[in-house]
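Naming: A, B, ... by sequence-line order, numbering from 1 per chain.
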Amino acid sequence: MEELKPKSLNFLEEIVQEDIASGKYPKGILTRFPPEPNGYLHIGHAKSICLNFGLAQRFGGATNLRFDDTNPVTEETEYVESIKKDVSWLGFTWAEELYTSDYFEDLYQFAEKLITLSFAYVDDSSAAEIAAQKGTPTTPGTHSPFRNRSVEENLALFRDMRAGKYADGEKVLRAKIDMAHPNMHMRDPLMYRIRHVKHHRSGDKWCIYPMYDFAHGQSDSIEEITHSICTLEFDVHRPLYDWFLDKLGIFPSHQYEFARLNLSHTVMSKRKLLQLVNEKVVNGWDDPRMPTISGLRRRGFTPASIRNFCERIGVAKRDNLIDLSLLEFCIREDLNKSADRVMAVLDPIKLVITNYPADKTEDLQIENNPEAEVITKRSVPFSNELYIEREDFMIDPPKKFFRLGVGLQVRLKGAYIVTCTDFKTDSAGNVTEVHAEYIPESKSGQDTSGINVKGTIHWVSVAHAVEAEVRNFDRLLIVEDASELGDDFLKFINPESLQIIPKVYVEPGLKSASVGQPLQFIRKGYYSLDLDSSSDKLVFNRTVTLKDTWAKEKAK
RNA sequence: UGACCUAUGGUGUAAUGGUAACACACCAGUUUUUGGUUCUGGUUUUCUAGGUUCGAGUCCUGGUAGGUCAACCA
C-alpha cells in the first residue's frame, strides 16, 4: 500500500534504502534479532525487535532469530522458550531460528585460520596479567610474553585447549592486533576461553567457548546478515568486528548502532530487573509492574500498542529518556477502540431508589463500546438497590460537581435519571446510604423527560453484583530517571505501584470474561482478567487509568 | 588527561544548504448518556564562539556538556 506523503526515514532506513538503491545487496536485506538466552525480554528489546523486523518488512527482506549463546554459564533453555513466545506475541515471524552454538565448529576453524595467518596466539597469562597488559585508555598496553609463539606451537596448544588438556583459565586464545591501539578492544582481545561447563545445547562437546567479539560478527557473516544493528555501547566494538571479517575474508556484514530505549519511572537493565525479582520487590518476571514483555502482556498491553509505541519513539543515536506517558497514550489509543465497556464499582456505597419497586428487576440493554464500528449491546440487571462509587456522592458538593448530592440529578449509565433526596450516616458521620428517586420517563434510549443532566455515573445492582479482586498498578518508581541511582533505585520504589482492592462489585456478565480480554471499567480505567483468576474468584489488573481531567480540576 | 559517539520545545523525533515541523505532555475551548472519546486553538525549540555561503539546525574549526570503552559477560 502506497502512502500519500512518504514518511521521513530514520537513519537506519536511509542506510538500507541507499544500499538497495546502489545494488549492494541484490539478494535483498537480512537482519537479525540476537538475544542472549539469559533472561526475559523487556520493552527495550521490543524496540530492537521492531527495528530489525520492521526494517526487513519495509524493504522486502527477512529477519533471523539468533540466540547468542556463547556463555554456557548463564544461558538456559527456559529463556529460549520465553524469548520465542515474546517475539511471536509481538507479532513477528522470523525466517530462521538459529543459535551461535551451532557455529561453534565454524568459529573454531576460523580461529585456526587466524592462528595460521599469525593473527592469533595462545596466551598462558592469567586474567589479572592480561588486564594489566591492556594498559589504560590513556596509556598503551604491553606485550604478553607469549605473544611471539610460532604458528605451529599456537596451533598445537589451541588443539590441546579444545581437547580439554587445560583447566579453566589456564590458557586463552588472543587476537594479535596492537597493544598500543587507542581503542581498547583492539589491544589483543580474547577470542576463546576455557570453560568446562555443560552448554544448554551443545552439552559437553566443547570446553572452549568463543567470546562475543569472536562470535557475533562471524555469525552475522555466516548467515549473510546485511545490516547488523545493535545498541550504542557496541560502537567501539565495530573496528574489531570489521577486523575479524576482513582478516577471515568472509561475507562483509556491517554493524550499525542506535541508542537504546530508556523509559521514565522504571529500570531496564537486566541486573536491576533481576534484583527486583530476587529481592521480591515484585512477584516475578511477569509482574505487571515490570517493563518486561511478559509483564506488559499480563498487565493487559496489546502487541499493537507496543509496536505503535516503538514506532512513535523513533530511533537515533542520542541518549534518550522516553516519558512513560507516551506508552500510556499508546495503550489507551488502542484499547479505546477495542475494549468493551463494563461497570465495576471499586469503592461501593449503596444507593436506594425509593420509588422503584423493591421486587422488580429490569434487564437493560447497554452499549458495549460507543467507538465500535458495529454497536453491540449486553444485558445488565437493574433494581432498586445499587452500588455506586463513594466518590460520586458529596454531602456538600462544590460548584462544578456533576454527580450526586441532595437535590442533584445524574443519569445512571444506561438506565434512568435519578434525583438525590437524602442520605444516611453512621455515628462517625460517614455516609452509609444514599437515597434517590428515579424518573420513569427518563429511561435510556426512550427518554421523554426532557431533562438534561451534566453527569452520568456507573452502578451495579446489589442483588446481582459479582465480587471480584482488583489490582491497581502504577509506575514502578517515584523518580523519572533511575540511571544515576545505582542500587539505590530500590529506595525509590513507588509504594502505590500495586494497590489491591480485595472486594469490588462488578456486573454479573463479567463472570464469563476471559484472561487477557481487554475491558474498560467505565470511568475507572482499562482492566483485564489476570491469570490468577479462577471460576470462583475474579481478579482484574488495571492496565492503565483513563485520563482524568476531573482529578486535575479537583486539585485546584 | 586518550579514542570514539552525541547535542533541535518539558519529552521524543523530523527538516538531507532554502519558511524549524510532527507526536506525547501541558493549557483553553468543543463534543459527549464515561469529567473517557472527538474536534479546534494555544504555550514552549536549533549547546556555544568563530568560519564557509546570497543563505547554516544542517558543512568546517575551536570550545562546552552528556555518553561509551580498560569482564576469561553479551
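Regarding A:E233, its CD atom lies at a distance of 12 Å from the C1' atom of B:C73, rounded to whole Å. We find that CG of A:D481 is positioned 17 Å from P of B:G10, with the value rounded to whole Å. Protein atom CZ of A:F33 is 16 Å distant from nucleotide atom P of B:A74, rounded to whole Å. One atom, NZ of A:K134, and another, C1' of B:A3, lie 15 Å apart when rounded to the nearest Å. Rounded to an integer number of Å, the gap from A:D235 CG to B:G67 P is 16 Å. In this structure, the NE2 atom of A:H265 is 13 Å from the P atom of B:U11, given to the nearest Å. Distance CG (A:D124) to C1' (B:C72): 14 Å, rounded to an integer number of Å. One can place OH of A:Y79 at 15 Å from C1' of B:A74, the figure rounded to the nearest angstrom.
Nucleotide B:U1 has no partner under the Watson-Crick or G-U criteria, as no pair reaches both atom distances under 3.5 Å. B:A21: Watson-Crick or G-U partner is B:U13, with both key distances under 3.5 Å. Using Watson-Crick or G-U wobble geometry with both donor-acceptor distances under 3.5 Å, B:A74 finds no partner in any strand shown. Pair check for B:U34 finds none; no Watson-Crick or G-U wobble contact set falls under 3.5 Å. Pair assignment for B:G62 gives B:U48, based on Watson-Crick or G-U wobble hydrogen-bonding distances that are each under 3.5 Å. Using Watson-Crick or G-U wobble geometry with both donor-acceptor distances under 3.5 Å, B:U40 finds its partner in B:A28.
Checked against B:U34, B:A74, B:G12, the side chain of A:I322 finds its nearest nucleotide in B:G12. Side chain of A:P182, nearest nucleotide from B:U1, B:G67, B:A3: B:A3. Proximity note for A:F329 (side chain, C-beta onward) versus B:G36, B:C24, B:G12: the nearest is B:C24. Checking B:A14, B:U33, B:G67 against every side-chain atom of A:R411, the shortest atom distance belongs to B:U33. For A:L546, counting side-chain heavy atoms from C-beta on, the closest listed nucleotide (B:C72, B:U1, B:U34) is B:U34. Looking at the side chain of A:K552, the nearest of the listed nucleotides B:G36, B:C26, B:A14 is B:C26. Of the candidate nucleotides B:A70, B:U13, B:U6, B:U6 has the atom lying nearest to any side-chain atom of A:K317. Set against B:C72, B:C69, B:A14, the side chain of A:I130 has B:C72 as its closest nucleotide. Distances from the side chain of A:D68 to the nucleotides B:U11, B:A74, B:G36 place B:A74 closest.
Between the side chains of A:H458 and A:E389, a donor-acceptor pair is found at a separation under 3.5 Å. For the residue pair A:Q409 and A:T419, a side-chain donor N or O sits within less than 3.5 Å of a side-chain acceptor on the partner.
Among the protein residues, A:F401 comes within range of the nucleic acid bases, having at least one heavy atom under 4.0 Å from a base atom. Residue contacts for A:L326: at a heavy-atom cut-off of 4.0 Å it reaches the sugar-phosphate backbone alone, with no base atom in range. Here A:G455 lies out of heavy-atom contact (under 4.0 Å) with every strand. Residue A:A127 is classed as a base contact, given a heavy-atom separation below 4.0 Å to a base. As judged by a 4.0 angstrom heavy-atom cut-off over every strand, A:S126 is placed among the base-contacting residues. Note on A:P35: nothing from the nucleic acid sits closer than 4.0 angstrom, heavy atoms only. At the heavy-atom level, A:F234 lies under 4.0 Å from base atoms of the strands shown. Contact annotation for A:R403: base contact, defined as any heavy-atom pair under 4.0 Å involving a base atom. Residue contacts shown for A:N320 are limited to sugar-phosphate atoms, with no base heavy atom under 4.0 Å away. Contact annotation for A:Q520: base contact, defined as any heavy-atom pair under 4.0 Å involving a base atom. Residue contacts for A:S442: at a heavy-atom cut-off of 4.0 Å it reaches no nucleic acid atom on any strand shown. Across all strands shown, A:G525 has no heavy atoms under 4.0 Å from either base or sugar-phosphate atoms. Here A:I313 lies in heavy-atom contact (under 4.0 Å) with sugar-phosphate atoms only. Residue A:I417 is classed as having no contact, given no heavy-atom separation below 4.0 Å to the nucleic acid.
Cation-pi geometry between A:R332 and A:Y526 is not met at under 6.0 angstrom from the ring centre and within 45 degrees of the axis. Annotation: cation-pi pair A:R149/A:Y121 absent, no NZ/CZ under 6.0 Å from the ring centroid and within 45° of its normal.
For A:S325, no side-chain nitrogen or oxygen approaches OP1 or OP2 of B:U11 to under 4.0 Å. The shortest distance between the side-chain N/O atoms of A:R332 and the OP1/OP2 oxygens of B:U37 is not below 4.0 Å. At B:U34, none of the side-chain N or O atoms of A:K547 fall inside 4.0 Å of OP1 or OP2 (strictly under the cut-off). For B:G36, the OP1/OP2 oxygens have no side-chain nitrogen or oxygen of A:R523 closer than 4.0 Å. Dashed line: the shortest gap from a side-chain N or O of A:R318 to OP1 or OP2 of B:U13 is under 4.0 Å. Dashed line: the shortest gap from a side-chain N or O of A:T549 to OP1 or OP2 of B:G36 is under 4.0 Å. Taking side-chain N and O atoms only, A:R193 has a distance below 4.0 Å to OP1 or OP2 of B:A74.
Side-chain atoms of A:E371 stay outside donor-acceptor range of the base of B:U38, with no qualifying N/O pair under 3.5 Å. Counting atom types as modelled, A:T456 pairs no side-chain N or O with a base atom of B:U34 as donor and acceptor under 3.5 Å. At a cut-off of 3.5 angstrom, counting only N and O atoms as typed in the model, there is a donor on one side and an acceptor on the other between the side-chain of A:H237 and the base of B:A74.
Closest-nucleotide positions on RNA chain B for A:D69 and A:D548 were compared, and the one nearer the 5' end corresponds to A:D548. Remark on RNA chain B: of its neighbouring residues A:V315 and A:K400, the 5'-side contact belongs to A:V315, judged by nearest-heavy-atom nucleotide.
In this pair, A:W550 lays its aromatic ring flat on the base of B:G35, centres within 5.5 Å and planes under 30 degrees apart.
Taking the six-membered ring for Trp and thresholds of 30 and 60 degrees, A:F158 and A:Y108 have nearly parallel ring planes, at less than 30 degrees apart.
Distance noted for atom P between B:G36 and B:C24: 16 Å (whole Å).
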Q) Stepwise, does the side chain to side chain donor-acceptor pair (under 3.5 Å) test hold for A:E75 with A:N38? A) CA-CA 5 Å; A:E75 295 148 7; A:N38 70 344; over 6 Å; no
Q.
salt bridge (Lys or Arg N to Asp or Glu O under 4.0 Å), that's the test. Do A:D168 and A:R195 meet it? Break it down for me.
A. CA-CA 5 Å; A:D168 289 9; A:R195 280 260 213 279; 5.9 Å; no
Q: Just do the ring-ring contact (aromatic ring centres under 6.0 Å, His included) check on A:H254 and A:Y241 with the steps written out, would you?
A: CA-CA 8 Å; A:H254 288 280; A:Y241 180 109; 8.1 Å; no
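Checking side-chain atoms of A:K176 against main-chain N and O of A:R147 turns up a donor-acceptor pair under 3.5 Å.
Between A:F540 and the options A:Y505, A:Y527, A:F521, a ring-ring contact (aromatic ring centres under 6.0 Å, His included) holds for only A:F521.
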